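The structure appears right after this line, and notes come after that.
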Number of protein chains: 2
Amino acid sequence: MSTEPRPAGAPSPALVFDTLFAYQRTAALRAAIELDLFRAIGEGPGDVASIARRSSASERGTRILCDFLTVVGLLSKADGRYANTATSALFLDPRSPACVASTARFLGHPEVRKPFESLADIVRTGRTVLPGEGSVEPENPVWVEFAHSMAPMMAPMAAPLGSIVLNGSKGPVSVLDIAAGHGLFGIEIAKQNPAARIVAVDWAAVLEVALANAQRAGVRDRYQTRPGSAFHVEYGGPYDVALLTNFLHHFDPPTCVGLLKKVHAALKRGGRVAALEFVPNEDRISPPMAASFGLTMLATTAAGDAYTLPEITAMYREAGFADVSAHPVPTGPHTIVVGHAV
Amino acid sequence: MSTEPRPAGAPSPALVFDTLFAYQRTAALRAAIELDLFRAIGEGPGDVASIARRSSASERGTRILCDFLTVVGLLSKADGRYANTATSALFLDPRSPACVASTARFLGHPEVRKPFESLADIVRTGRTVLPGEGSVEPENPVWVEFAHSMAPMMAPMAAPLGSIVLNGSKGPVSVLDIAAGHGLFGIEIAKQNPAARIVAVDWAAVLEVALANAQRAGVRDRYQTRPGSAFHVEYGGPYDVALLTNFLHHFDPPTCVGLLKKVHAALKRGGRVAALEFVPNEDRISPPMAASFGLTMLATTAAGDAYTLPEITAMYREAGFADVSAHPVPTGPHTIVVGHAV
């Protein structure tokens, strides 16, 4: 929302009120996804009565919600009819293969959102109000939801990660996929290289989602699992590659170093570790999505953070990795950080 | 938050994720206000350790919160030190007379925010999930919070409203201030015109706030109250002017017309009614803040709305008012709509 008309140059509290009302945007989008509104609008003709009918909703509620979504830029409106924007047609209409609407289920999960209700307390103490280790408590079912619903956000990053990790290799390669979740990253490597074999680590209930995805992708015969905590399970190996996607940010640096040492011990000499992370610049205020992500770690974990490249590099080196390189993913907000076991 | 780097021209789901994460901005600002962070930063020197000490908070939490607030534009950061922006110095540091930080208490009140957790259900049924008439249930304590905390948002609009309503009149003028809340609008008229007398209507607990404000403003001797429902209390009169500030939007048009008829009956012939309202354009999608406000009425009332000028004009006419004119307030997002009793 932009500033309302005011005398030119006069200071305005518009940003303050936009921020105090920002939660309404999240609520409106979540409601629209729950009501399958973007499909209802995409199928046309886009008048209030037919949208309401298709979404089994009241006309009054539909009209007000659609107007709000138009104000925030997720719909367009002309002559009293609503239409999906290019963005919502591609990313919010479930008929689109790029639809990311399911991510609202994980991003709106009470385990993720509830702590923000107590953010002042969290800033006071410096750790989540969730019990124990927060979102990374053993067998936390939130990760099953992650595996089910976040794949569409992560899928565009799988191909670039696969290319970077394989680096042209066509021969046999063994891959340890730690905190595999939906499994998409390991599965993509198996698809890019028919000689690749994947071993996935995650909680047992999460691995069922990864196994179903491996089956669907036709790589099930080269896909094995090791259920349990990444910190305690036997990795097996030695491996050529270890993946650590969306994982290090949940823990403090000593814990990360301990894990990286365990990973190092499971890699062949010269093997590679590849972390997929939100990596803010050293100023910690850019780029916006990576820099903002630290707040989610503050709210939902005991000691996690969004780490800068020098911080990740230092952890890698302490654990025995060298030749650290960073690869920003062109199709997402993440960066891939690769290190070599020496 | 703007888009992350991507291939030029490639479609991006950035707006979708910005919207799904938007609730974090509200949470961050509310936490910062609760921690008195903008004062702590305003008093300097702005390094994490001293901000944390002044806010009685952890350094880890303070750093991550301040970085987030910098990303959303409410702080600036240079050489590892944070500073208030021009906007936050003026509108969020409690040492500034224009500070609107207290509005977070009403805007974040559970009665206002909780219904947004059930927005899909509300869109289905077309009415709030709050019991009865929602926020306008009799004696709802949320209006005491409104009276206490929203004055700083409304104060900049009081002088323009007073000028428009008085229209240069220096002589005796009797004013009925319906749903007076903090009382600032009637009080401003009493300040602008020493011959003005105000009668304020609101719930008894709310009127105590207005009376205290009238006392502080030195107009208590010309300030009377009539506690009760605007729909049922005897107005007395006849009056020269009736104010209806932030009130009509809570009700459906027939209810508004009924109330306006009651107001009409309490006015002298030629007397004026002045409503302060969020008035969207007829497209209902501009200007942004007025157009967005309908969603708050959908979420928190049984049948309220943000009405367009033709809709308000039609209600005024049906209730016996003529010469309807609209005056956008230059110092706020509201519009003043004046009608004359014929």
Side-chain angles (χ1 to χ4, degrees), chain A residues 1-2 4-7 11 13 15-16 19-20 22-29 31 34-35 56-58 60-62 64-65 67-68 70-74 77 86-87 90-92 100 103-104 107 113 116 119-120 122-126 284-285 287-289 291-292 294-295 298 328 330 333, chain B residues 1-2 4-7 11 13 15-16 19-20 22-29 31 34-35 56-58 60-62 64-65 67-68 70-74 77 86-87 90-92 100 103-104 107 113 116 119-120 122-126 284-285 287-289 291-292 294-295 298 328 330 333:
Chain A
M1 273 174 262
S2 62
E4 303 284 326
R6 280 178 174 263
L15 177 61
V16 175
T19 306
L20 287 173
Y23 76 97
Q24 297 189 352
R25 301 190 208 188
T26 306
L29 177 51
E34 189 178 333
L35 294 162
S56 303
S58 69
R60 165 181 150 76
T62 300
I64 293 175
L65 178 61
D67 283 338
F68 186 94
T70 305
V71 173
V72 302
L74 289 168
K77 182 182 185 182
T87 297
L90 196 53
F91 296 111
L92 288 169
V100 298
T103 63
L107 297 176
R113 279 201 316 144
F116 283 90
L119 192 57
I122 290 170
V123 174
R124 284 191 189 100
T125 62
R284 289 189 176 280
I285 55 170
M289 198 160 167
S292 304
L295 195 71
L298 175 66
Chain B
M1 272 175 263
S2 61
E4 303 284 326
R6 279 177 176 265
L15 177 62
V16 175
T19 307
L20 288 173
Y23 76 97
Q24 296 189 352
R25 302 189 207 188
T26 305
L29 177 51
E34 188 178 334
L35 293 163
S56 304
S58 68
R60 165 180 149 78
T62 299
I64 294 175
L65 178 61
D67 283 337
F68 186 93
T70 305
V71 173
V72 303
L74 289 168
K77 182 181 184 182
T87 296
L90 195 53
F91 297 111
L92 289 169
V100 298
T103 63
L107 298 176
R113 279 201 317 145
F116 283 90
L119 193 56
I122 290 170
V123 173
R124 285 192 188 100
T125 62
R284 290 188 178 279
I285 55 169
M289 198 160 167
S292 305
L295 195 71
L298 174 66

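Lettering of chains follows the sequences in order, A, B, ..., and the numbering in each one begins at 1. Treat the numbers as computed from the prediction; the structure is a model and nothing was measured.
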Need one label for [X]: side chain, backbone, both or neither, based on atoms under 4.5 Å from any heavy atom in chain B.
X: Ala86(A); result: neither
X: Thr62(A); result: both
X: Leu92(A); result: side chain
X: Val100(A); result: side chain
X: Thr125(A); result: backbone

Problem set entry | CG-CG distance between Leu298(B) and Asp67(A), expressed to the nearest 0.5 angstrom |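 Rounded to the nearest 0.5 Å, the CG-CG separation comes out at 11.0 Å.
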Problem set entry | Pick from Leu90(B), Ile122(B), Leu119(B), Thr87(B) with the largest number of heavy-atom pairs that fall under 4.5 Å of chain A |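 Highest number of heavy-atom pairs under 4.5 Å: Leu119(B).
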For this session: Work out which heavy atom in Ala120(A) is nearest to a heavy atom in Leu35(B); give both atom names and the distance.
Result: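 So the minimum-distance heavy-atom pair works out to O-CD2, 3.9 Å.
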For this session: Can you see which heavy atom on Arg25(A) is nearest to which on Thr19(B), and at what distance?
Result: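 Answer, listing the atom of Arg25(A) first, then Thr19(B): O-CG2, 3.3 Å.
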Problem set entry | Contact leader toward chain B among Leu20(A), Val16(A), Thr70(A), where contacts are heavy-atom pairs under 4.5 Å |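 The answer is Leu20(A).
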Problem set entry | All side-chain contact (heavy atoms from CB on, under 4.5 Å) counterparts of Thr26(B), not counting sequence neighbours |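 Result, side-chain contact (heavy atoms from CB on, under 4.5 Å) vs Thr26(B): Ala22(A), Tyr23(A), Arg30(B).
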For this session: Would you indicate whether the side-chain heavy atoms of Phe116(B) and Leu295(B) approach each other to under 4.5 Å?
Result: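 Answer yes - side chains close enough.
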For this session: Kindly write out the residues that satisfy salt bridge (Lys or Arg N to Asp or Glu O under 4.0 Å) with Arg284(B), not counting sequence neighbours, or none if the list is empty.
Result: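 Glu311(B).
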